[in-house]
Enquirer: 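Okay, handing you the structure first.
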Amino acid sequence: MRQLALSLGERSYNIYIESGLLSNSALITRYCIGESVLILSNDVVAPLYLEKLKSSLKDKNVFHLTIPDGESFKSLESYTKVLDFLIKNSFRRNDTLIALGGGVIGDLGGFVAASYQRGMGFIQCPTTLLAQVDSSVGGKTAVNHPLGKNMIGAFYQPLAVFIDMQTLDTLPEKEYFSGFAEIVKYAMLGAAEIKQLFETKLSAIQQRDPEVVAELIYYSCAKKAEVVSADEREAGSRALLNLGHTFGHAIERLTNYQHYLHGEAISIGIMMAMNLSKEYGDINNETYAFYHRLLLALNLPVIVDKPIAVSDMMSTMKLDKKNLNSKYRFVLPKDDHCFITELQASELIEQSIAKQIG
Ligand code: NAD
Ligand code: GLY
């Protein structure tokens with residue numbers, strides 16, 4: 001079993017990575033505080049993995065609640081539904097909520113756990129590649145508001161993260177590759193082991209070789225843990241994790257969150273960030289070409305295939321909650337790391353966007 005720690009003083013926790021981990025009763029039970037456990041899942045994941053997890057918790061008073069699948073259920077309505085369930089079943093602060101699912105369930109479950117009786121035990125069991133390498137680690141939790149994504153939330157760290165890579169076996173191809181945009185991001189942030197795996201094991205990755213994927217998940221979590229433990233609440237350097245996201249979020253928004261999966265929009269956003277970096281002369285041609293080829297090899301889009309106007313991208317990016325003052329905030333890649341910069345609107349930014357619009 002692979003294991004690593006996210007160091008945050010008394011909020012430190014372990015991340016475990018292993019195929020079949022959901023059946024590791026002794027380990028999972030050890031982290032469940034209290035008598036009662038609520039497993040929160042959705043109607044796609046529950047039929048696949050709920051029974052497995054339930055049978056690992058035989059010594060506990062186990063409840064489960066399933067919400068419908070989809071980003072639209074990462075909502076205040078779902079949040080209220082889970083709270084109602086906890087109250088009606090007399091859950092206490094020192095009981096545990098386990099999120100079993102992708103980023104939607106993890107973000108929703110985390111926010112419920114953060115706020116129920118001012119904070120109950122919380123465990124992440126992520127089942128998508130995106131959730132395994134990104135959303136289950138680092139303690140960002142949220143639900144959406146009709147006027148904006150992730151508008152209501154909290155920083156709330158789990159007690160542990162259990163990554164069972166066997167759950168990836170049922171993940172559709174498109175969802176699988178979408179998770180790779182975040183893994184590419186960690187390579188660009190300086191995770192040399194990930195870059196090396198992309199250089200040497202690309203065809204195994206394309207064929208979903210579990211050993212190589214486990215290594216990628218491990219090094220991704222390690223990079224995320226390093227960044228989060230240095231800046232838990234994003235006062236500064238954690239914003240590096242937003243590489244490609246200023247552009248990507250605008251693409252998602254302008255296509256009504258219907259056309260691209262999150263990772264797909266981030267892939268195009270990474271290209272736009274590389275364009276901007278190239279204009280400044282910071283990224284060399286070889287690095288640019290390597291990541292361009294890599295994104296394509298991972299079945300990720302690099303060009304927007306919808307009629308989006310550059311001016312709409314600029315005005316949408318202006319609304320990004322990570323901007324400071326009147327400037328745009330970007331994470332730009334150099335050759336083996338990234339840096340954060342704030343820029344006024346300019347033709348350079350517009351050209352960096354236009355280059356990736358088909
Ligand atoms: P998701 O949770 O919607 O899962 C994607 C799809 O895969 C869903 O249809 C889901 O039912 C299905 N699924 C999940 N596991 C499966 C499995 N093992 N087999 C078959 N199908 C499975 O989406 P996601 O991409 O995991 O997460 C996206 C969400 O994560 C967004 O809401 C985003 O805002 C959030 N997010 C949060 C953070 C964070 O730091 N908290 C970071 C990145 C993204
Ligand atoms: N996904 C970005 C972060 O966790 O900060």
Side-chain angles (χ1 to χ4, degrees), residues 6 22 40-50 52-53 66-75 78 99-111 114 122 124-144 148-158 161 163-183 185-186 189 208 220-221 223-246 248-249 252-253 257 260-266 321-322 331:
L6 197 155
L22 290 180
L40 179 68
S41 193
N42 75 16
D43 57 14
V44 170
V45 178
L48 297 167
Y49 302 111
L50 178 64
K52 197 180 256 191
L53 181 56
T66 297
I67 63 161
D69 184 31
E71 179 74 29
S72 61
F73 292 94
K74 199 174 110 175
S75 61
S78 302
L100 174 68
V104 166
I105 290 295
D107 280 15
L108 168 68
F111 184 48
F122 177 50
Q124 289 269 20
C125 291
T127 63
T128 62
L129 187 59
L130 178 128
Q132 296 183 350
V133 299
D134 188 359
S135 62
S136 67
V137 174
K140 278 191 181 175
T141 75
V143 294
N144 302 325
K149 200 165 144 58
N150 294 329
M151 280 293 161
I152 309 152
F155 286 97
Y156 194 66
Q157 303 295 341
V161 181
I163 300 176
D164 182 344
M165 298 121 48
Q166 225 171 51
T167 59
L168 298 180
D169 292 351
T170 52
L171 194 66
E173 194 95 324
K174 199 170 153 66
E175 294 286 351
Y176 173 76
F177 283 111
S178 171
F180 270 97
E182 305 291 354
I183 302 179
K185 173 186 84 179
Y186 296 124
L189 287 175
R208 303 172 70 148
S220 296
C221 291
K223 188 68 194 170
K224 181 145 188 189
E226 176 195 313
V227 174
V228 171
S229 49
D231 177 22
E232 182 185 12
R233 298 176 76 89
E234 205 168 305
S237 55
R238 182 168 177 164
L240 287 167
L241 295 173
N242 297 320
L243 171 62
H245 286 58
T246 307
H249 284 157
E252 284 183 286
R253 202 173 164 133
Y257 299 95
Y260 294 110
L261 296 177
H262 176 70
E264 293 175 332
I266 299 310
K321 62 182 183 300
K322 295 182 178 73
V331 180

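Counting starts at 1 for both ligands and their atoms, in listed order. Bear in mind the structure is a predicted one, so any value in this text is a computation, not a measurement.
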Enquirer: Under 4.0 Å from a heavy atom of Asn150: which atoms of ligand 1 are those, numbered in the order shown and with their elements?
Expert: 34 (O)
Enquirer: Give the residue, atom name and distance (to 0.1 Å) of the protein heavy atom nearest atom 44 (C) of ligand 1.
Expert: Leu130 CD2, 3.7 Å
Enquirer: With a cut-off of 4.0 Å, which atoms of ligand 1 are near a heavy atom of Val44?
Expert: 11 (O), 21 (N)
Enquirer: List every atom of ligand 1 that sits less than 4.0 Å from any heavy atom of Thr170, numbering the atoms from 1 in the order shown and giving each element.
Expert: 17 (C), 18 (N), 19 (N), 20 (C)
Enquirer: Heavy-atom distances under 4.0 Å are what count here, so tell me which part of Thr141 touches ligand 1: side chain, backbone, both or neither.
Expert: neither
Enquirer: Which atoms from ligand 2 have a heavy atom of Asp134 less than 4.0 Å away?
Expert: 1 (N)
Enquirer: Heavy-atom pairs closer than 4.0 Å: do any link ligand 1 to the side chain of Glu182, the backbone, both, or neither?
Expert: neither
Enquirer: Would you call Lys224 a ligand 1 contact, heavy-atom distance under 4.0 Å?
Expert: yes
Enquirer: Asn42 heavy atoms, cut-off 4.0 Å: which ligand 1 atoms fall inside?
Expert: 10 (C), 11 (O)
Enquirer: Taking the side chain as everything from C-beta on, heavy atoms only, tell me whether Lys74 gets closer than 4.5 Å to Lys149.
Expert: yes
Enquirer: State whether Asp134 and Lys224 are salt-bridged, where the test is any N-O pair (Lys NZ or Arg NE/NH1/NH2 against Asp/Glu carboxylate O) under 4.0 Å.
Expert: yes
Enquirer: State, with a plain yes or no, whether a side-chain heavy atom of Leu129 is found less than 4.5 Å away from one of Ile183.
Expert: yes
Enquirer: When you measure from atom 14 (C) of ligand 1 to every protein heavy atom, which one gives the shortest distance, and what is it?
Expert: Thr128 CG2, 3.2 Å
Enquirer: What atoms of ligand 1 come within less than 4.0 Å of a heavy atom belonging to Asp134?
Expert: 42 (C), 43 (C)
Enquirer: Would you please determine whether Lys149 falls within less than 4.0 Å of ligand 1 on a heavy-atom basis?
Expert: yes
Enquirer: Below 4.0 Å, non-hydrogen atoms only: which portion of Asp69 touches ligand 1? Side chain, backbone, both or neither.
Expert: side chain
Enquirer: Using heavy atoms and a threshold below 4.0 Å, how should the contact between Val45 and ligand 1 be classified: side chain, backbone, both, or neither?
Expert: side chain
Enquirer: If we set the cut-off at 4.0 Å for heavy atoms, which region of Lys140 has an atom near ligand 1: side chain, backbone, both, or neither?
Expert: both
Enquirer: If we set the cut-off at 4.0 Å for heavy atoms, which region of Val228 has an atom near ligand 2: side chain, backbone, both, or neither?
Expert: neither
Enquirer: If we count only N and O atoms by modelled type, under 3.5 Å, do the side chains of Tyr260 and Ser178 hold a donor and an acceptor together?
Expert: no
Enquirer: Could you find the nearest protein heavy atom to atom 3 (O) of ligand 1 and give me its residue, atom name and distance?
Expert: Val104 CG2, 3.4 Å
Enquirer: Identify, by atom number and element, the atoms of ligand 2 in contact range of Glu234, meaning under 4.0 Å from any of its heavy atoms.
Expert: 5 (O)
Enquirer: For Arg208, I'd like to know if atom CZ has over 12 heavy atoms of other residues, nucleotides or ligands within 6.0 Å.
Expert: yes
Enquirer: Side chain or backbone, does Gly103 bring an N or O within less than 3.5 Å of an N or O on ligand 1?
Expert: yes
